[in-house]
**Student:** 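Dumping the structure here so I can ask a few things about it.
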Amino acid sequence: MKPARGASMRHNKKTMSDPLLAVSERFAWAFAAVAGEVVDPVVRPSDHADAQINGALGVAKKLGTNPRQVAEQVLVAVGDVSDMCSGLEIAGPGFINVTLSNQFLSTQLKSAMNDQCLGVRVAPIRLTAVVDYSAPNVAKEMHVGHLRSTVIGDSIVRLLEFVGHTVIRENHIGDWGTPFGMLIEHLIDIGQNTAAQELGVGDLDGFYREARNKFDADDAFKERARARVVLLQGGDPDTLHLWRTLVSESTRYFNQVYQLLDVLLTDADIVGESSYNDLLAPVVERLREAKLLEVSDGADVVFPAGFTNRDGDPLPLIIRKGDGGYNYATSDLACVIDRVERLGASLLIYVVGAPQAQHLSMVETVATQVGWLAPPVQMMHVAFGNVLGSDGKMLKSRVGDTVKLAALLEEAVERATAAIAQKNPDMSEHERSQVAHMIGIGAVKYSDLSTDRVRDYVFDWERMLSFDGNTAPYLQYAHARMCSIFRRAGIERTAVRSVMPTILDPRERALAIRVLQFDSAVWDALDRYSPHRLCTYLYELATDFTAFYEHCPVLKADTDEQRLSRLNLCDAAARVLECGLNLLGIRAPEQM
RNA sequence: GCUCACGUAGCUCAGCGGAUAGAGCACUUCCCUCCGGAGGAAGGGGUCGCAGGUUCAAUUCCUGCCGUGGGCACCA
């Protein structure tokens with residue numbers, strides 16, 4: 001499985017919202033005419049103009065001519081582009097610097113803002129995608145590892161849906177396996193009511209630890225636990241009833257966390273490992289029929305090509321353990337079958353930590369060898385790194401335990417509450433608590449989403465809650481200021497949407513161009529399954545807005561026409577910012 | 001040992017084939033106090049881990065090395 005990159009969903013639709021794409025499209029045929037074949041004009045953002053076209057250099061090399069000469073030929077071939085570009089200039093070794101026409105920006109902006117998706121292209125082919133994420137374990141506390149999977153997965157789900165794909169969310173909770181013997185026996189020992197209470201208040205780790213301690217210390221208990229596993233797997237009704245208590249109390253708790261975290265997951269998305277029980281035996285059978293199954297050290301295994309162990313010998317994927325039990329490879333393969341054959345999915349996304357890369361790659365290889373996975377169906381590992389403390393090591397609590405996710409989120413809201421109380425003491429209690437939730441949770445999610453997911457990142461309260469820099473509060477603040485202008489103006493946002501904006505000032509231009517690039521930003525994030533690309537874009541948008549706001553008076557504009565035009569720009573920026581934050585799963589309050 | 005990631009400014013991070021490598025924080029010096037000062041301008045600070053290679057062009061692609069972290073058969 002290739003590490004997430006390029007679902008290659010390209011499209012063709014009217015004029016691209018992003019001016020750079022529009023320029024690229026317009027110049028493509030001129031380049032083809034000059035080069036004698038189809039070449040990418042290589043249109044890029046530029047420090048020297050609105051955009052620069054770099055394609056001439058490559059073409060000149062191929063043709064054995066002078067790049068500046070090629071550039072000149074391209075300019076002749078492209079003909080009149082004055083509807084799009086107000087300036088074209090050959091610079092340096094053969095770059096073509098492009099100045100976009102103000103009129104063009106104006107009409108593009110109008111048309112993008114008339115679009116429900118704010119100019120973002122819809123997917124050319126609508127896929128059914130299964131996104132596998134979050135996956136906490138029953139009777140175990142959720143921790144920062146689940147935070148990453150949940151938050152990144154949630155954003156990917158929103159992005160996929162936004163461009164028109166059908167998304168099936170799957171929360172593959174750990175609700176099966178040998179630990180349930182001891183957990184159920186412990187449940188019996190302390191009584192169902194006590195247990196439900198303990199789990200209900202979220203002391204999952206306490207419950208688990210007690211069970212574990214007894215298991216390790218008490219041989220009789222250990223024996224009962226083992227016997228209980230057999231009963232559970234055999235479908236004993238009483239045991240199943242106890243098991244369901246554990247599962248339902250745990251999922252009730254997970255839902256509290258999901259609600260606090262403000263993600264889309266619900267009970268309907270839960271597909272526990274147990275739900276694949278009936279599909280495990282067929283996995284073995286089908287592998288056997290395909291003649292891929294071998295017996296090694298008493299276990300049923302498949303040796304996928306290209307994997308070796310530390311001795312250089314072929315590395316097996318264990319399908320059925322020596323004791324006859326199944327393991328996670330079996331259930332992962334059952335998942336592939338289920339998703340492809342029953343759900344008809346063609347995109348299987350796994351938002352799982354980077355350490356699982358080899359395992360998932362082996363599963364993919366086996367699934368491909370046996371024929372369950374074949375183009376156009378593809379598996380995609382959206383891997384992520386660890387959350388580190390300020391010491392550069394895995395984030396731990398002061399006592400040295402793993403950090404409870406629920407506690408971390410509560411602290412985020414508390415810190416945000418304190419910050420708002422200090423900065424906006426006039427806000428009502430009710431409103432403050434709502435806004436504090438949006439800011440605190442937004443800060444945590446954004447700090448998780450805003451750096452390249454494959455890298456580890458350092459968790460830092462002060463930085464993530466800062467109103468400066470690439471943070472959620474900064475973006476939310478920028479949005480609140482945009483909204484504030486309309487309150488002061490006493491004008492409804494929608495009232496300025498029929499206005500055709502006039503783009504003149506350099507800051508108006510910069511802001512307009514940025515707004516129009518939302519399309520590219522969304523697709524860029526989606527192509528790489530990297531929400532941080534969208535974060536970077538939104539930060540630049542907010543920065544451009546700040547510069548605009550600083551230099552271009554809106555309410556005190558020179559003329560009514562300019563005032564309306566600038567209000568229109570504010571509205572556009574606010575809509576894109578809100579929509580972008582929403583795609584990250586972050587709320588944008590109108591006041592804060 | 002094999003293998004997969006990562007190594008960019010004091011710190012935290014962007015950029016990943018194109019013209020002088022960016023941001024925030026921290027630091028220095030100013031400005032304003034104007035539609036939300038939770039401001040603005042300027043400055044210092046980088047041999048983009050090291051060495052080769054491909055290319056008109058490499059922080060960006062390839063190879064090797066060094067450093068850090070992960071994975072390498074019955075726990076998921």
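Reminder, nothing fancy here: chain letters follow the sequence lines and each chain counts from 1.
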**Student:** Base, sugar-phosphate, or nothing: which does A:Ser484 touch, judged by heavy atoms less than 4.0 Å apart?
**Tutor:**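 A:Ser484: base contact, heavy atoms under 4.0 Å.
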**Student:** What integer number of Å spans the P atoms of B:G18 and B:C62?
**Tutor:**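 15 Å, rounded to whole Å.
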**Student:** What is the distance, to the nearest angstrom, from the CD1 atom on A:Ile90 to the C1' atom on B:G18?
**Tutor:**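 Roughly 16 Å, once rounded to whole Å.
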**Student:** For atom C1', what is the distance between B:C66 and B:C50, given to the nearest Å?
**Tutor:**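 Pairwise C1' distance, B:C66 against B:C50, rounds to 7 Å.
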**Student:** In whole angstrom, give me the gap between the C1' atoms of B:C61 and B:C16.
**Tutor:**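 To the nearest whole Å, 10 Å.
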**Student:** Using the side-chain hydrogen bond (donor to acceptor under 3.5 Å, both in side chains) rule, take A:Tyr477 and A:Thr471 through it: C-alpha gap first, then chi angles, then the decisive distance, then the call.
**Tutor:** CA-CA 10 Å; A:Tyr477 176 62; A:Thr471 67; over 6 Å; no
**Student:** Grab the CG-P distance between A:Asp448 and B:C13 for me, whole Å please.
**Tutor:**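 Rounding to the nearest Å, CG of A:Asp448 and P of B:C13 are 12 Å apart.
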**Student:** Could you tell me how the ring of A:Trp243 sits relative to the ring of A:Trp176: parallel (under 30°), tilted (30 to 60°) or perpendicular (over 60°)?
**Tutor:**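 Ring orientation, 0 to 90° scale: perpendicular.
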**Student:** Check step by step if side chain to side chain contact (heavy atoms under 4.5 Å, CB included) holds for A:Asp338 and A:Val271.
**Tutor:** CA-CA 11 Å; A:Asp338 187 59; A:Val271 190; 5.7 Å; no
**Student:** In the strands shown, is B:G52 matched to any nucleotide by a Watson-Crick or G-U wobble pair with both distances under 3.5 Å, and which?
**Tutor:**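 By the stated definition (distances under 3.5 Å), B:C62 pairs with B:G52.
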**Student:** Before you tell me yes or no, could you show the steps for A:Met379 and A:Val363 under side chain to side chain contact (heavy atoms under 4.5 Å, CB included), namely the whole-Å CA-CA distance, both residues' side-chain angles and the distance that decides it to 0.1 Å?
**Tutor:** CA-CA 10 Å; A:Met379 222 168 128; A:Val363 168; 4.1 Å; yes
**Student:** Is there a Watson-Crick or G-U wobble partner for B:G17 with both distances under 3.5 Å, and if so, which one is it?
**Tutor:**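 Paired with B:G17, as far as the under-3.5 Å criterion goes, is no nucleotide at all.
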**Student:** Any strand is fair game: report the nucleotide pairing with B:A23 by Watson-Crick or G-U wobble, both distances under 3.5 Å, or none.
**Tutor:**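 With both distances under 3.5 Å, B:A23 matches B:U12.
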**Student:** Find the partner of B:C2: check Watson-Crick (N1-N3 plus N6-O4 or O6-N4) and G-U wobble (N1-O2, O6-N3) distances, both under 3.5 Å, and reply none if neither fits.
**Tutor:**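 The answer is B:G71, by the H-bond criterion.
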**Student:** Determine the Euclidean distance between corresponding P atoms of B:A19 and B:A58; express it in Å to zero decimal places.
**Tutor:**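 After rounding to an integer number of Å, I get 11 Å for this pair.
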**Student:** Using the C1' atom in both, what is the distance from B:C4 to B:A41, to the nearest Å?
**Tutor:**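 To the nearest whole Å, 47 Å.
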**Student:** Please give me the minimum heavy-atom distance between A:Ser24 and A:Pro41, naming the atom from each residue.
**Tutor:**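 What the structure gives for the nearest pair is O-CG, 3.6 Å.
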**Student:** What is the distance from atom CE of A:Met362 to atom CG of A:Leu315, rounded to the nearest 0.5 Å?
**Tutor:**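 These two atoms lie 4.0 Å from each other.
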**Student:** Please lay out, stage by stage, how A:Tyr328 and A:His172 fare under the test ring pair (Phe, Tyr, Trp, His ring centres under 6.0 Å).
**Tutor:** CA-CA 11 Å; A:Tyr328 75 142; A:His172 202 125; over 10 Å; no
**Student:** Are A:Arg533 and B:C16 close enough that a side-chain N or O sits under 4.0 Å from OP1 or OP2?
**Tutor:**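 For B:C16, OP1 or OP2 has a side-chain N or O of A:Arg533 closer than 4.0 Å.
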**Student:** Once you apply a heavy-atom cut-off of 4.0 Å, does A:Arg463 come out as touching a base, just sugar-phosphate, or nothing?
**Tutor:**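 Sugar-phosphate: the residue A:Arg463, judged by heavy atoms under 4.0 Å, touches backbone atoms but no base.
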**Student:** A:Gln358 side chain: which of B:A19, B:C72, B:A14 is closest?
**Tutor:**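 Between B:A19, B:C72, B:A14, the one nearest the side chain of A:Gln358 would be B:C72.
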**Student:** Taking any heavy-atom pair under 4.0 Å as a contact, classify A:Arg566: base, sugar-phosphate, or nothing.
**Tutor:**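 It contacts nothing in the nucleic acid.
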**Student:** My understanding is that a pair needs two contacts under 3.5 Å, Watson-Crick or G-U wobble. By that rule, which nucleotide pairs with B:U33?
**Tutor:**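 Per the H-bond distance test, none.
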**Student:** Looking at every non-hydrogen atom in both residues, tell me the closest pair between A:Ser149 and A:Val351 and how far apart they are.
**Tutor:**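 Looks like OG-O, 2.9 Å.
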**Student:** What's the CG-C1' distance between A:Asn54 and B:G17, to the nearest Å?
**Tutor:**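 Value for this atom pair: 10 Å.
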**Student:** Side-chain N or O of A:Arg455 versus OP1/OP2 of B:A14: is the shortest distance under 4.0 Å?
**Tutor:**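 For B:A14, OP1/OP2 do have a side-chain N/O of A:Arg455 under 4.0 Å.
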**Student:** Map A:Ser46 and A:Met592 onto RNA chain B by nearest heavy atom, then report which one ends up closer to the 5' terminus.
**Tutor:**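 Checking each residue's closest nucleotide, the 5'-ward one belongs to A:Ser46.
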**Student:** A:Cys483 near the nucleic acid: base, sugar-phosphate alone, or nothing, with a heavy-atom cut-off under 4.0 Å?
**Tutor:**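 Touches nothing.
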**Student:** How is A:Val458 classified with respect to the nucleic acid when contacts are heavy atoms under 4.0 Å: base, sugar-phosphate, or nothing?
**Tutor:**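 Result for A:Val458 = sugar-phosphate.
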**Student:** With sugar-phosphate meaning primed atoms plus P, OP1 and OP2, does A:Tyr539 contact a base, only sugar-phosphate, or nothing at under 4.0 Å between heavy atoms?
**Tutor:**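 If one applies the 4.0 Å heavy-atom cut-off, A:Tyr539 turns out to touch the sugar-phosphate alone, with no base involved.
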**Student:** With 3.5 Å as the limit, what N/O pairs link the protein to nucleotides 74-76 of chain B?
**Tutor:**
unit_1: B:C74; atom_1: O2; unit_2: A:Gly322; atom_2: N; d: 2.7
unit_1: B:C74; atom_1: N4; unit_2: A:Asp297; atom_2: O; d: 2.9
unit_1: B:A76; atom_1: OP1; unit_2: A:Lys321; atom_2: NZ; d: 3.3
unit_1: B:A76; atom_1: O3'; unit_2: A:Glu273; atom_2: OE1; d: 3.1
unit_1: B:A76; atom_1: O3'; unit_2: A:Glu273; atom_2: OE2; d: 3.2
unit_1: B:A76; atom_1: N6; unit_2: A:Tyr328; atom_2: OH; d: 2.8

**Student:** Using centres under 5.5 Å plus planes under 30 degrees as the test, is A:Tyr477 stacked with B:A38?
**Tutor:**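 Here A:Tyr477 meets both the 5.5 Å and the 30° conditions.
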**Student:** On RNA chain B, does the nearest nucleotide to A:Gly55 precede the nearest nucleotide to A:Ala354 from the 5' side, or the other way round? Give the residue.
**Tutor:**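 Counting from the 5' end, the first nearest nucleotide belongs to A:Gly55.
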**Student:** Considering every strand and a 4.0 Å limit on heavy-atom distances, what is the contact class for A:Tyr457: base, sugar-phosphate, or nothing?
**Tutor:**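 If one applies the 4.0 Å heavy-atom cut-off, A:Tyr457 turns out to touch the sugar-phosphate alone, with no base involved.
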**Student:** Which distance, rounded to the nearest 0.5 Å, do you find between the CG of A:Leu147 and the OG of A:Ser447?
**Tutor:**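 Here the rounded value is 7.5 Å.
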**Student:** For B:U47, which nucleotide is its Watson-Crick or G-U wobble mate, given both distances must be under 3.5 Å?
**Tutor:**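 The answer is none; no pair meets the criterion.
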**Student:** Look at the side chain of A:Asp468 and the base of B:A23, then say whether one donor and one acceptor between them are separated by less than 3.5 Å.
**Tutor:**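 Not at all, since no donor on one side and acceptor on the other fall under 3.5 Å apart.
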**Student:** Starting at CG of A:Leu315 and ending at C1' of B:G1, how long is that distance when rounded to a whole Å?
**Tutor:**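 Roughly 15 Å, once rounded to whole Å.
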**Student:** If you look at every strand shown and take non-hydrogen atoms under 4.0 Å, does A:Ala91 touch a base, only sugar-phosphate, or nothing?
**Tutor:**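 The residue A:Ala91 makes base contact.
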**Student:** Is there side-chain contact between A:Glu508 and A:Arg566, with at least one heavy-atom pair below 4.5 Å?
**Tutor:**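 A:Glu508 vs A:Arg566: side chains touch.
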**Student:** Mind checking the C1' distance from B:U20 to B:G46? Whole angstroms is fine.
**Tutor:**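 Their C1' atoms lie roughly 14 Å apart.
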**Student:** Looking across every strand, which nucleic acid part, if any, lies under 4.0 Å from A:Asn66 by heavy atom: base, sugar-phosphate, or nothing?
**Tutor:**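 No contact.
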**Student:** In whole Å, what separates the C1' atom of B:G52 from that of B:A14?
**Tutor:**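 Comparing C1' positions in B:G52 and B:A14 gives a spacing of 28 Å.
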**Student:** Starting at atom CG of A:Asp456, determine the distance to atom P of B:C4, rounded to an integer number of angstrom.
**Tutor:**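 Value for this atom pair: 19 Å.
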**Student:** Let me know the distance between CD of A:Glu550 and P of B:U33, rounded to the nearest Å.
**Tutor:**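 These atoms are roughly 12 Å apart.
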**Student:** Given the C1' atoms of B:C31 and B:G45, what is the spacing between them in whole Å?
**Tutor:**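 Per the computed distance, 23 Å lies between those C1' atoms.
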